[in-house]
K.L.:
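Let me give you the structure first, and then I'll get to my questions.
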Amino acid sequence: MKRFIYIITDRNRNNLHVGLCSDLVKTLKFYSDMPSLFFDNAQQLNRLVYFEEINNEEMAMERFKFVSTFTRSQKEKMIRSVNADWVDLTIGLKYEQGMRVRTYVRPSFASRLQQVTV
């Protein structure tokens, strides 16, 4: 089963939170639905700046434990190695998920088929 290790931050990059999950999109939705669960409103964790996909659960847990021990400067170096401008990666994930969940028949075409068969 796939596991994701991610780093999420607030808009001012004050907090860097390392996490481990099996569904990254659902986890990000949880953070957006519960903005003040971990911090106050000024420090909402809402920007995904780094993630890794690992196919083995044991390896993912070991990597998570390892990354969790990093200092802030080590985390920043890791983020900048793949995301130099600290761009929010959530938009790309949502786009990619939308590409995977495509219907085979356009909705307008499906409604025409129903009208013809009735």
K.L.:
Return the CZ to SG distance between Phe30 and Cys21, rounded to the nearest 0.5 Å.
P.N.:
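One finds 11.5 Å between CZ of Phe30 and SG of Cys21.
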
K.L.:
Let's go through Asn83 and Leu89 carefully: what are the C-alpha distance in whole Å and the side-chain angles of both, what is the deciding distance for side chain to side chain contact (heavy atoms under 4.5 Å, CB included) to 0.1 Å, and is it a yes or a no?
P.N.:
CA-CA 9 Å; Asn83 188 0; Leu89 304 174; 3.8 Å; yes

K.L.:
At their closest point, which heavy atom of Leu16 faces which heavy atom of Glu76, and how far apart are they?
P.N.:
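Shortest heavy-atom separation between Leu16 and Glu76 comes out as CD1-CG, 4.2 Å.
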
K.L.:
Test side chain to side chain contact (heavy atoms under 4.5 Å, CB included) on His17 and Ile7; report intermediate values, then the result.
P.N.:
CA-CA 5 Å; His17 176 73; Ile7 300 177; over 6 Å; no

K.L.:
Does Val49 share a hydrophobic cluster with Val87, counting links as ILVMFWY side-chain heavy atoms below 4.5 Å and allowing steps through other members?
P.N.:
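Different clusters: Val49 never reaches Val87 through Ile, Leu, Val, Met, Phe, Trp or Tyr contacts under 4.5 Å.
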
K.L.:
Give me the atom names and distance for the closest heavy-atom approach of Lys75 to Phe70.
P.N.:
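Shortest heavy-atom contact: CE-O, 3.4 Å.
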
K.L.:
Please list, chain by chain and in numerical order, all residues satisfying side chain to side chain donor-acceptor pair (under 3.5 Å) with Lys77, sequence neighbours excluded.
P.N.:
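Side chain to side chain donor-acceptor pair (under 3.5 Å) list for Lys77, sorted by chain: empty.
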
K.L.:
Just one of Glu52, Glu57, Glu62 clears the salt bridge (Lys or Arg N to Asp or Glu O under 4.0 Å) bar with Arg3, so which one?
P.N.:
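Looking at Glu52, Glu57, Glu62, the match for Arg3 under the salt bridge (Lys or Arg N to Asp or Glu O under 4.0 Å) is Glu57.
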
K.L.:
Let me check something: do Tyr31 and Ile79 share a hydrophobic cluster, defined by ILVMFWY side-chain heavy atoms less than 4.5 Å apart, either directly or through other members?
P.N.:
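In one cluster with Tyr31: Ile79, no.
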
K.L.:
Nearest heavy-atom pair of Leu20 and Tyr6: which atoms, and what distance?
P.N.:
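Where Leu20 meets Tyr6 most closely, the heavy atoms are N-CE2, 3.6 Å.
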
K.L.:
Would a 4.5 Å heavy-atom cut-off, applied to side chains only, mark Met59 and Arg63 as touching?
P.N.:
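In short, these two side chains do not touch, never coming nearer than 4.5 Å.
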
K.L.:
Is there a donor-acceptor pair closer than 3.5 Å between any side-chain N or O of Arg11 and the backbone N or O of Asn46?
P.N.:
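Such a contact is absent between Arg11 side chain and Asn46 backbone.
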
K.L.:
Mind listing the closest non-hydrogen atom pair of Ala60 and Ile5 along with its distance?
P.N.:
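Heavy-atom minimum between the residues: O-CD1, 3.5 Å.
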
K.L.:
Determine whether Tyr50 and Val82 make a side-chain contact, defined as any pair of heavy atoms from C-beta on separated by less than 4.5 Å.
P.N.:
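With C-beta onward as the side chain, the pair touches.
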
K.L.:
Quick one: NZ on Lys2 to CG on Leu24, what's the gap to the nearest 0.5 Å?
P.N.:
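One finds 11.0 Å between NZ of Lys2 and CG of Leu24.
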
K.L.:
Quick one: CD1 on Ile8 to CG on Leu45, what's the gap to the nearest 0.5 Å?
P.N.:
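One gets 5.5 Å once the value is rounded to the nearest 0.5 Å.
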
K.L.:
Would you call Trp86 and Arg47 a side-chain contact if the rule is heavy atoms closer than 4.5 Å?
P.N.:
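Not touching, per the 4.5 Å side-chain cut-off.
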
K.L.:
What residues form a side-chain contact (heavy atoms from CB on, under 4.5 Å) with Thr90, not counting sequence neighbours?
P.N.:
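Thr90 satisfies side-chain contact (heavy atoms from CB on, under 4.5 Å) with Leu28, Leu48, Asp88, Lys94 only.
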
K.L.:
If you round to the nearest 0.5 Å, how far is NZ of Lys29 from OG of Ser32?
P.N.:
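Nearest 0.5 Å value for the OG-NZ distance: 5.5 Å.
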
K.L.:
Would you find a donor on one side and an acceptor on the other, under 3.5 Å apart, between the side chain of Thr9 and the backbone of Asn15?
P.N.:
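Side chain of Thr9 to backbone of Asn15: a pair is present.
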
K.L.:
Does Glu58 offer a backbone N or O that forms a donor-acceptor pair with the side chain of Asn56 under 3.5 Å?
P.N.:
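Indeed, once roles are kept as given, a pair shorter than 3.5 Å links the two residues.
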
K.L.:
Among all residues two or more places apart in sequence or in another chain, which pass the side chain to side chain donor-acceptor pair (under 3.5 Å) test with Thr69?
P.N.:
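By the side chain to side chain donor-acceptor pair (under 3.5 Å) rule, Thr69 matches no residue at all.
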
